[in-house]
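For reference, the structure is listed below as structure tokens.
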Amino acid sequence: MKAVVYRGARNLGIEDRDPEAPGRGQVRIEVAYTGICGTDLHIYHGDMDARVGDSAIIGHEMSGRIAAIGEDVTGWNVGQAVTVMPTRPCGRCAACKRGNSHVCHAMNFLGIDSAGAMQSYWNVPAELVLPLPEELPLDHAALVEPVAVAVHDVRRGNVTADDQVVVVGGGPVGVLIATVARGRGARVLLVEPDPFRREVAEGIGIDTVDPRSTDVVALVNDRTDGAGADIAFEVSGSAAGVTTAVDVLTTRGRLVMVAIHPQPREVNLHRFFWRELELLGARLYQRDDMVEAIRLVAAGEIPARQLISRVEPVEAASAAFAALEGGGVMKVLLDVREGNK
């Protein structure tokens with residue numbers, strides 16, 4: 001089988017390996033497609049070497065079919081279309097004991113802390129597997145995991161119909177948050193400087209604004225009769241994005257922090273005090289979020305075809321990472337099927 005192997009910063013190899021039989025409690029999945037996300041780019045840049053070992057197989061956004069079933073596993077069939085929730089909590093830490101296992105203090109994140117999906121055959125614990133509708137194209141199904149991120153984020157923000165929502169950052173997760181929020185009946189504005197990303201978002205019906213040429217706060221106030229936004233999502237990872245997300249909020253508005261900020265940011269706490277704002281973190285999804293994501297993708301409520309910019313064979317993994325790094329794409333997938341059938 002083929003496997004994409006991380007060999008250090010900006011160094012990916014393609015190795016031929018022998019598939020291993022699934023262990024007790026595992027299933028072996030014949031992987032069809034694997035998405036490349038921002039976390040994978042961080043790994044590619046060498047930023048996560050403390051967690052990702054040498055010769056590690058990365059990747060966690062995926063779709064495929066069950067190829068073999070290990071001992072003590074029931075309820076699954078060979079050939080069944082599936083995806084994987086790539087988070088395995090410890091079950092023992094304080095977060096797990098309080099029912100928050102999705103933010104486990106000792107999380108095993110598949111594709112980071114253990115072998116991931118960029119391989120032809122992937123053995124995973126059966127409890128992490130979710131069924132996919134047979135009619136759902138497997139390339140579209142590779143978007144389920146990032147859609148689950150968006151579903152969780154929108155739930156954290158408690159978005160409801162007619163809420164005024166501002167999403168700061170129009171990468172794949174930002175566009176998916178905007179899409180999920182709009183599906184709940186919210187009125188959404190996406191803030192994004194990159195023209196390609198704005199074009200993609202506008203092509204699926206999302207209102208956008210370029211913060212380099214427009215006063216975003218003034219525009220939001222105009223759209224809300226001076227009230228401001230009910231919920232803002234910070235997805236840009238930038239200091240300017242944090243400032244914008246805070247400044248657009250209405251009295252008792254909610255800021256959902258989605259992006260990973262590698263260093264502390266200056267935040268206008270006086271505005272939090274003055275307007276009684278709330279700040280909510282949104283890190284990882286729960287199983288219900290994955291189930292809802294599958295429903296949304298299968299129902300066509302997520303415009304998967306418009307969001308998948310490029311599909312590359314697994315042998316071209318380095319080129320696929322370079323394409324994502326260079327911009328001008330939204331979602332990039334690897335076709336991991338043997339012979340790219």
Side-chain angles (χ1 to χ4, degrees), residues 35 37-40 42 60-63 83-90 93 95-96 98-105 107-113 117 127-132 140-161 163 165-186 188 190 206 229-237 241 245 253-261 278-299 301-304 307 330-331:
C37 76
T39 299
D40 297 318
H42 284 301
H60 57 273
E61 303 178 1
M62 60 76 64
S63 63
T83 189
V84 170
M85 180 172 171
T87 55
R88 196 175 193 192
C90 73
C93 69
C96 288
R98 294 182 180 185
N100 297 313
S101 60
H102 66 296
V103 286
C104 169
H105 297 171
M107 180 72 78
N108 174 2
F109 197 109
L110 280 62
I112 302 175
D113 305 303
E127 69 267 19
L128 304 184
V129 179
L130 293 97
L132 296 171
H140 293 191
L143 299 191
V144 163
E145 194 270 355
V147 173
V149 172
V151 169
H152 182 74
D153 297 341
V154 169
R155 284 176 167 170
R156 280 290 282 162
N158 194 26
V159 175
T160 58
D163 278 340
V165 169
V166 174
V167 180
V168 182
V173 171
V175 170
L176 288 171
I177 288 170
T179 303
V180 174
R182 188 181 59 173
R184 288 192 166 201
V188 179
L190 180 71
I206 296 170
D230 300 293
I231 306 109
F233 295 88
E234 205 308 284
V235 202
S236 73
R254 299 183 293 282
L255 169 56
V256 183
M257 188 57 63
V258 178
I260 299 173
H261 289 262
E278 296 180 60
L279 174 62
L280 300 164
R283 179 181 157 200
L284 278 172
Y285 39 75
Q286 297 166 284
R287 194 175 182 91
D288 285 350
D289 300 319
M290 288 287 290
V291 172
E292 174 65 3
I294 291 169
R295 187 194 71 78
L296 290 172
V297 177
E301 296 183 36
I302 302 297
L307 296 179
M330 191 60 70
K331 287 302 297 181

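The chain is numbered in sequence order, starting from 1.
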Please report the shortest heavy-atom distance between [X] and [Y], naming the atom on each side.
X: Leu280; Y: Gly157; result: CD1-CA, 4.5 Å
X: Ser101; Y: Met107; result: O-CE, 3.2 Å
X: Met290; Y: Val144; result: CE-CG1, 4.0 Å
X: Cys96; Y: Pro89; result: SG-CB, 3.8 Å
X: Tyr285; Y: Ala148; result: CB-O, 3.7 Å
X: Ala245; Y: Leu255; result: CB-CD1, 3.5 Å

Counterpart residues, side chain to side chain donor-acceptor pair (under 3.5 Å), relative to [X] (two or more places apart):
X: Asp288; value: none
X: Glu278; value: none
X: Arg283; value: none
X: His105; value: none

Please evaluate residues Ile177 and Val154 with respect to the criterion side chain to side chain contact (heavy atoms under 4.5 Å, CB included), reporting the C-alpha separation (whole Å), side-chain torsions for both, the decisive distance (0.1 Å), and the verdict. CA-CA 7 Å; Ile177 288 170; Val154 169; 4.1 Å; yes
Derivation of the side chain to side chain contact (heavy atoms under 4.5 Å, CB included) call for Val151 and Arg295: CA-CA 11 Å; Val151 169; Arg295 187 194 71 78; over 6 Å; no
Starting at [atom1] of [X], measure out to [atom2] of [Y] and round the result to the nearest 0.5 Å.
X: Leu296; Y: Thr179; atom1: CG; atom2: OG1; result: 10.0 Å
X: Asp289; Y: Met85; atom1: CG; atom2: CE; result: 7.5 Å
X: Glu301; Y: Glu292; atom1: CD; atom2: CD; result: 7.5 Å
X: His42; Y: Cys37; atom1: NE2; atom2: SG; result: 8.5 Å
X: Arg254; Y: Asp230; atom1: CZ; atom2: CG; result: 7.0 Å
X: Ile294; Y: Leu132; atom1: CD1; atom2: CG; result: 5.0 Å

Donor-acceptor under 3.5 Å ([X] side chain, [Y] main chain):
X: Arg88; Y: Asn108; result: no
X: Arg156; Y: Ala282; result: no
X: Thr83; Y: Met62; result: yes
X: His152; Y: Leu284; result: yes

From CA spacing to verdict: side chain to side chain contact (heavy atoms under 4.5 Å, CB included), Met330, Leu307: CA-CA 6 Å; Met330 191 60 70; Leu307 296 179; 4.3 Å; yes
Can you find a heavy atom in the side chain of Val175 that is under 4.5 Å from one in the side chain of Ile206? yes
Test side chain to side chain contact (heavy atoms under 4.5 Å, CB included) on Phe109 and Thr39; report intermediate values, then the result. CA-CA 11 Å; Phe109 197 109; Thr39 299; over 6 Å; no
Quick one: salt bridge (Lys or Arg N to Asp or Glu O under 4.0 Å) partners of Asp113, sequence neighbours excluded?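 Partners of Asp113 under the salt bridge (Lys or Arg N to Asp or Glu O under 4.0 Å) test: Arg51.
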Qualifying residues under salt bridge (Lys or Arg N to Asp or Glu O under 4.0 Å), relative to Arg287, sequence neighbours excluded: none
